[in-house]
Amino acid sequence: MSIRTLRSLIAAALLSASLAQAAVTVGDVPFAPQQTVQQRALELNGAGLRTRLGFKVYAMGLYLRAPLADAGAILADKGEKRIRIVLIRDLEAKQFGDALQTGLEKNHDTAALSALKPSTDALLAALAAVGEVKAGTEIVLDRLGSGATRLLVDAKQQGEDIADTAFYPALLRIWLGERPADSDLREALLKKPQ
């Protein structure tokens, strides 16, 4: 193999690698291939759109330590995670919180909801304190190494970390559970972008 051919192959490989690391765009919202939670690099597992009655509501990306295509495995994984949501429509933060509450109710029985109530109330209060969330607002839900849940709105922490380790998997069920908020979004979150 000549030097020239070898250089061409290396250049092609480097170009392919850089394209694979490019941001994924969903609904005009870019999702970086990696994000960091507590110094842990996470990979974009999947990204998609939440639509309701034909309207685009938000773009969402799910970041994990390593790609997983099985919802059960994602829910069981105890490592750091990130849900990144960017609103496409203006909403009241309470509307967004009410949608989260509905998603929890659809995917949990009465006993589980009762156990989650203190954590749910804390999250909803932190969201309500934000007020109105305009199109372009970024809402991030992180699962920390301790298992706690942290809410950030436009990169600013809202409320205290929620210590209940059962809460983050409960939130994930809103999008990955048996009755997801949007089945097309569920499928997109479980499929690593190409």
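All values derive from a computational prediction rather than experimental measurement.
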Qualifying salt bridge (charged side-chain N to carboxylate O under 4.0 Å, His left out) pairs, either residue in residues 146-158, two or more places apart: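 The answer is Arg150-Asp161.
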Could you pull out all residues at least two apart from [X] that satisfy salt bridge (charged side-chain N to carboxylate O under 4.0 Å, His left out)?
X: Asp90; value: none
X: Arg173; value: none
X: Lys106; value: none
X: Asp77; value: Arg65, Lys81

Could you list the residues that satisfy side chain to side chain contact (heavy atoms under 4.5 Å, CB included) with Glu105, not counting sequence neighbours?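 Side chain to side chain contact (heavy atoms under 4.5 Å, CB included) check on Glu105 returns Gln101, Leu113.
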What residues form a side chain to side chain contact (heavy atoms under 4.5 Å, CB included) with Ala71, not counting sequence neighbours?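 Here the qualifying residues are Leu176, Arg186, Leu190.
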Can you establish whether the number of heavy atoms outside [X] located under 6.0 Å from its atom [atom1] is more than 12?
X: Asp109; atom1: CG; result: yes
X: Glu160; atom1: CD; result: no
X: Gln157; atom1: CD; result: yes

Which pair of non-hydrogen atoms, one from Leu151 and one from Ala126, has the smallest distance, and what is that distance?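 Nearest pair, atom of Leu151 first, then Ala126: CD2-CB, 3.8 Å.
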Could you report the tightest heavy-atom contact between Leu123 and Leu141, atom names first, then the distance?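 So the two residues come closest at CD1-CD2, 4.0 Å.
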Check whether any side-chain heavy atom of Leu189 lies under 4.5 Å from a side-chain heavy atom of Asn45, and answer yes or no.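 Not in contact.
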Sequence neighbours left out, what passes side chain to side chain donor-acceptor pair (under 3.5 Å) with [X]? Give chain and number order.
X: Gln38; answer: none
X: Glu138; answer: Arg84
X: Thr51; answer: Asp182
X: Arg50; answer: none

If you group Ile, Leu, Val, Met, Phe, Trp and Tyr whenever their side-chain heavy atoms sit less than 4.5 Å apart, what else falls in with Leu152?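 Listed partners: Val140.
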